[in-house]
Amino acid sequence: MAYDPGTSVADVLAGRVPVGATVTLRGWVRTRRDSKAGLSFIHLHDGSCFDPIQVVAPAALPNYEGELRHLTSGAAIVATGTLVQSQGKGQSVELQASGVEVVGPIADPEAYPIQPKPHSYEFLREVAHLRPRTNTFGAVTRVRNTLAQAVHRYFHERGFCWIHTPIITASDAEGAGAMFRVSTLDLANLPRRPDGHIDFAQDFFGKEAFLTVSGQLNVETYCLALSKVYTFGPTFRAENSNTTRHLAEFWMIEPEIAFADLAADADLAEDFLKSLFKAVLDERGDDMRFFEDRVEKGVIARLEKFATSAFTRLDYAEAVRILEKADRKFEFPVSFGTDLQTEHERYLTEVHCQGPVVVMNYPKEIKAFYMRQNDDGRTVAAMDVLAPGIGEIIGGSQREERLSVLEARMDELGLAREAYGWYLDLRRYGTVPHAGFGLGFERCVAYVTGMANIRDVIPFPRTPGNAAF
RNA sequence: UCCGGCAUAGCUCAGUCGGUAGAGCAAGCGGCUGUUAACCGCUCGGUCGCAGGUUCGAGUCCUGCUGCCGGAGCCA
């Protein structure tokens, strides 16, 4: 039998239910106001859209005195009635209730943490199981969902294949950051080899295993068979990072395209980001108006500008020249060969270009081994997409597809070729120029919503010292 | 990890020169009103983060610890 999704508040407020119709709405109480005219106004939300619907509960209802007049924020109710034009201001339609069932009352109203008032984000992180009931977190959640759907839609429509790269990796070839160990060994009684080292041969996988820090190396294998691929899944970094833009567990999107160079990679990044932001502007106008009013003035205009104007593209060397000529003192001096600091990225995006910037062709010394060496011998075909207010949102590169060049670079860096056997095979058998990038999904959500802290755009943030819930 | 800041009622905060605790909101009761961040009155609500120290006396000054927040580094 077909699933009946029922009627949502969004259906009603969007006009998909005619005035005069009888509807049943299910959700949670946001506020209740009483009128001695013999009725109560209950704002009901069900998460389907930003606005709640006003339910008018007449005092004549049998459970009015006993239950409805005592409803407080957070109680779960089922309201049935007639959809009518509102007699009051502030909403066009409302539900004239013929019955309101209290499904889940609030056990102790004084103890219920979510009050109809502004809360600090710090406090709401301590009640992360209840914060999705607030305006802000409802809006963030819907925007996050719209972005996720838009990611898959963008790639699907362009013939990309979604590759499910592993979460657990026993490959010691990642090198993108500190990793979380995965083990079933008894920590209190570790098996030892004769030389005293831990005997990982007795561990679950017969060798050391970790949570992935990136699906890139794995997804390259499918790229060199299916041409256009991407990953979208959780990744893990055990870095002791305590900032507003780092999480120990976050979601990353990593497309990889074959027969493509760095310029194509940058085109993809720009086109992709723009399509995501357009989707949010098209689908979540209600939530974006809230972010505009209460979170960050100007977010909507910023997104619109982002979605319609070309990204500035700069060579790293050119970026360095701009910074050297900048009419401003930096804490960290810039010169060719140094990595760009946060203050430099901010100057480029917020002052010099006043918009997103793609910085390309970095010195090879500050970039990963797999990035393709340019003909100048000192730079690699790497790019970062920098966004005003958030910094690096995308990092990508053309990959080194030439076996001898890749092996030489690995030797230079002291990386053991045996550990990368399957990765090097890709360069032995049918190698092609290919490129890709990684987009931190939460950074994207934070940028779109204007939320200042990445811990507030993921349901249950994991950071050093904190894995509650 | 480094630097800085903060910790007082369920929440957001005030608390002067060191003299034993305050407001708004929430919650409860009442009043008023087609209300909408409602309004008015009353009530309930505190081991001032923890442990020491100085002092006749510490929310206030000092030391240590813990937690949180911001910035930096690492990166997405």
Side-chain angles (χ1 to χ4, degrees), chain A residues 30-44 51-58 69-70 72-74 84-91 94 96 106 108-127 130 134-135 175-178 213-216 231 234-254 269 293-294 331-332 339-343 345-346 366-368 384-387 390-396 437-447 452-456 458 463-466 468:
Chain A
R30 181 146 279 146
T31 59
R32 188 205 84 242
R33 292 174 300 278
D34 304 321
S35 167
K36 275 298 179 294
L39 35 93
S40 288
F41 301 98
I42 301 164
H43 271 175
L44 171 72
D51 288 316
I53 189 162
Q54 176 157 281
V55 175
V56 183
R69 206 172 62 78
H70 304 286
T72 54
S73 298
V84 299
Q85 299 284 352
S86 180
Q87 295 174 36
K89 292 174 182 169
Q91 59 280 317
E94 63 193 17
Q96 185 68 41
I106 297 298
D108 179 1
E110 194 161 2
Y112 183 63
I114 309 298
Q115 301 166 11
K117 58 168 273 187
H119 292 285
S120 68
Y121 295 133
E122 293 81 4
F123 170 70
L124 290 172
R125 274 171 224 145
E126 296 170 7
V127 287
L130 296 171
T134 63
N135 280 332
V213 294
S214 163
Q216 182 204 312
T231 71
T235 40
F236 307 86
R237 303 276 167 92
E239 305 285 352
N240 191 8
S241 294
N242 291 289
T243 81
T244 55
R245 14 174 233 294
H246 289 87
L247 292 165
E249 175 182 298
F250 64 101
W251 286 60
M252 188 152 62
I253 298 148
E254 295 174 288
D293 292 344
R294 297 295 178 89
E331 191 186 338
F332 299 92
D339 211 352
L340 300 182
Q341 305 290 316
T342 297
E343 56 176 344
E345 296 178 353
R346 292 189 63 136
I366 59 173
K367 289 291 178 183
D384 285 348
V385 179
L386 311 177
I390 193 151
E392 184 180 343
I393 191 168
I394 278 180
F437 62 79
L439 167 65
F441 187 54
E442 282 75 19
R443 287 191 182 173
C444 184
V445 180
Y447 183 74
N453 195 315
I454 201 165
R455 296 164 194 147
D456 298 325
I458 188 168
T463 52
N466 197 338

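Each chain gets a letter, A, B and so on, in the order its sequence line appears, and its residues count up from 1. Note: hydrogens, waters and symmetry copies are ignored here, and every other heavy atom, side chains too, is used.
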> Taking N and O atoms by type only, does the side chain of A:S241 place a donor or acceptor under 3.5 Å from a partner on the base of B:C75?
Replying inline: no
> Is it the case that A:D34 and A:S40 place a side-chain donor and acceptor less than 3.5 Å from each other?
Replying inline: yes
> If we take the C1' atom in both B:G64 and B:U54, what is their distance in whole Å?
Replying inline: 15 Å
>> Tell me if the side-chain of A:D34 makes a donor-acceptor pair with the base of B:U33, cut-off 3.5 Å, by modelled atom types.
In response: no
> P atom, B:G49 versus B:U60: distance in rounded Å?
Replying inline: 8 Å
> Using atom P of each nucleotide, how far apart are B:G19 and B:G71 to the nearest Å?
Replying inline: 36 Å
> Expressed in whole Å, how much space separates the P atoms belonging to B:C11 and B:G4?
Replying inline: 29 Å
> Any donor-acceptor pair under 3.5 Å joining the side chain of A:H119 to the base of B:C11?
Replying inline: no
>> Within the 4.0 Å heavy-atom criterion, would you say A:S86 contacts the bases, only the backbone, or no part of the nucleic acid?
In response: base
>> Say we look at B:C25 and B:C40: how far apart would their C1' atoms be, to the nearest angstrom?
In response: 16 Å
> When you compare B:U63 with B:C3, how far apart are their P atoms, in angstrom units rounded to a whole number?
Replying inline: 16 Å
>> Rounding to an integer number of angstrom, what distance separates B:G59 and B:C42 when you compare their C1' atoms?
In response: 29 Å
